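Working notes, beginning with the structure itself.
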Number of protein chains: 2
Amino acid sequence: MDNENFDSDLRVTIQRLARRLRSEKADDRISDTQFSVLCVLAREGAMGLGDLSAHERVTPPSMNRTVNALVEAGYASRSGSPDDGRKIVLDVTEGGHTVIAETRRRRDAWFSLRLADLAPEQRATLAAAAPILKELAEL
Amino acid sequence: MDNENFDSDLRVTIQRLARRLRSEKADDRISDTQFSVLCVLAREGAMGLGDLSAHERVTPPSMNRTVNALVEAGYASRSGSPDDGRKIVLDVTEGGHTVIAETRRRRDAWFSLRLADLAPEQRATLAAAAPILKELAEL
DNA sequence: TATTGTTATACTCTATAACTATA
DNA sequence: TATAGTTATAGAGTATAACAATA
């Protein structure tokens with residue numbers, strides 16, 4: 001297979017696997033996007049709307065809607081910045097941290113079961129590929 | 001790192017990379033979902049709505065909307081089944097095949113550029129991981 | 001004037017429920 | 001009665017354009 005087809009196949013595979021993973025969320029309390037944003041706040045710490053939308057490569061109005069849902073659900077907090085009246089500070093609430101832990105556990109279930117069925121050398125191959133994929137995702 | 005965290009990290013990485021890929025589509029004529037469905041028809045051959053929605057793990061009404069968009073755009077055809085009046089037959093049109101080729105080329109551009117920057121051994125690792133990921137996506 | 005966030009509006013994808021037509 | 005497809009309706013995520021408040 002030439003490079004071009006390999007690239008295309010890998011791209012499609014990644015998108016299909018992500019789609020498959022999304023379909024296994026098994027949690028009605030929070031959407032995939034909301035969960036992803038909540039995890040960013042938990043990992044990177046409190047930040048403003050602009051930072052968050054840039055981080056997720058989404059427009060500010062779009063992120064605003066997601067943040068509204070999280071705040072209304074009690075999983076994130078929105079407060080005014082003390083030093084700049086235009087800015088806001090978004091952060092994860094205690095309830096948000098709880099839901100992260102629980103949601104993550106549920107979402108990992110399907111994937112872990114499938115990975116456990118792989119041969120040891122297949123797992124090793126994925127372990128080697130993981131940091132490369134991570135790098136690609138962060139470009 | 002224990003298995004549990006590895007699984008979770010890989011899952012998140014795949015979802016983030018898919019998200020990154022989606023943001024690079026650079027094509028206004030067709031959506032990501034529409035393109036994916038069109039590719040299924042091109043790869044698997046003509047099929048009915050139920051088959052298609054089951055294949056993509058989406059409800060029939062949802063798939064119906066996507067199919068409508070493709071038919072209205074002239075990229076897919078909907079015709080009655082000759083042997084069963086309830087069934088329909090969905091297929092790719094000539095225009096659909098053209099748009100598949102062009103869209104695929106555009107969407108691969110970003111990914112190919114990034115893959116080209118990898119070291120040869122990194123590409124080899126991804127090549128080894130690709131069929132495993134593909135298998136996981138098809139479970 | 002520039003930046004930060006928000007509201008208004010619209011389009012796509014998703015789902016469930018209810019419906020039609022055919023087997 | 002069961003199956004294949006469709007329509008009606010609603011919710012979430014995305015975008016652009018226009019706006020308010022603050023620097």
Side-chain angles (χ1 to χ4, degrees), chain A residues 15-16 18-38 40 46-73 75-91 103, chain B residues 15-16 18-38 40 46-73 75-91 103:
Chain A
Q15 293 193 303
R16 294 192 71 83
R19 179 194 188 81
R20 188 72 183 82
L21 285 163
R22 196 165 58 237
S23 77
E24 293 291 337
K25 65 185 166 70
D27 190 334
D28 293 338
R29 290 179 304 174
I30 194 170
S31 76
D32 201 73
T33 304
Q34 288 166 15
F35 179 66
S36 180
V37 167
L38 205 54
V40 169
M47 64 178 80
L49 186 68
D51 301 322
L52 201 50
S53 65
H55 192 280
E56 294 296 282
R57 293 169 192 274
V58 150
T59 58
S62 179
M63 181 55 72
N64 196 43
R65 177 171 290 204
T66 300
V67 165
N68 282 340
L70 286 171
V71 171
E72 279 162 26
Y75 299 142
S77 62
R78 176 198 266 113
S79 43
S81 171
D83 52 289
D84 188 333
R86 297 170 303 178
K87 290 187 181 176
I88 60 168
V89 177
L90 300 165
D91 207 353
T103 302
Chain B
Q15 292 193 303
R16 293 193 72 83
R19 180 195 186 78
R20 189 71 182 84
L21 285 164
R22 197 165 58 239
S23 77
E24 292 291 339
K25 65 184 167 72
D27 190 333
D28 294 337
R29 291 177 305 173
I30 194 170
S31 76
D32 201 73
T33 303
Q34 288 166 16
F35 178 67
S36 181
V37 167
L38 205 55
V40 170
M47 63 177 79
L49 186 67
D51 302 323
L52 201 50
S53 64
H55 191 281
E56 294 295 284
R57 293 168 193 274
V58 150
T59 58
S62 179
M63 181 55 72
N64 195 42
R65 176 171 289 204
T66 300
V67 165
N68 282 339
L70 286 171
V71 171
E72 280 163 25
Y75 299 142
S77 62
R78 175 197 267 112
S79 44
S81 171
D83 51 290
D84 188 333
R86 297 170 303 181
K87 291 186 180 176
I88 60 168
V89 178
L90 301 166
D91 206 353
T103 303

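Bear in mind the structure is a predicted one, so any value in this text is a computation, not a measurement. The sequence lines fix the lettering, A, B, ..., with proteins before strands; numbering per chain opens at 1.
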Checklist line | C:dA15 phosphate, OP1 or OP2, under 4.0 Å from B:T59 side-chain N/O | finding: yes
Next item on the list: Return the nearest nucleotide to the side chain of A:D84; candidates are D:dT9, D:dG13, D:dA23.
Entry: D:dA23
Checklist line | Side chain proximity check, A:V58 to A:L52, heavy atoms < 4.5 angstrom | finding: no
Item checked: Phosphate OP1/OP2 of D:dG5 contacted by B:N64 side-chain N/O (<4.0 Å) -> no
Checklist line | D:dG5 base / B:R86 side chain donor-acceptor hit below 3.5 Å | finding: no
Check: CD1 of B:I88 versus C1' of D:dT3: gap in Å, rounded?
Finding: 14 Å
Check: Can you tell me how far P of D:dT3 sits from NZ of B:K87, to the nearest Å?
Finding: 12 Å
Check: Counting side-chain heavy atoms from CB outward, which of C:dT14, C:dT6, C:dA17 is closest to B:T66?
Finding: C:dT14
Margin query: Here's a test for you: under side chain to side chain contact (heavy atoms under 4.5 Å, CB included), which of A:R78, A:M63, A:M47 qualifies with A:L90?
Written below: A:R78
Check: Out of C:dT9, C:dT7, D:dG5, which has the shortest distance to the side chain of A:R65?
Finding: C:dT9
Check: So does A:R78 get a side-chain nitrogen or oxygen closer than 4.0 Å to the phosphate oxygens (OP1/OP2) of C:dT6?
Finding: yes
Margin query: In this structure, how many angstroms lie between the P atom of D:dT7 and the CE atom of B:M63, rounded?
Written below: 16 Å
Checklist line | A:Q34, nearest nucleotide to its side chain (from C:dT14, D:dG13, D:dT6) | finding: D:dG13
Notebook entry, point to check: Hey, is the side chain of B:S62 poking within less than 4.0 Å of OP1 or OP2 on C:dA15, counting only N and O atoms?
Noted result: yes
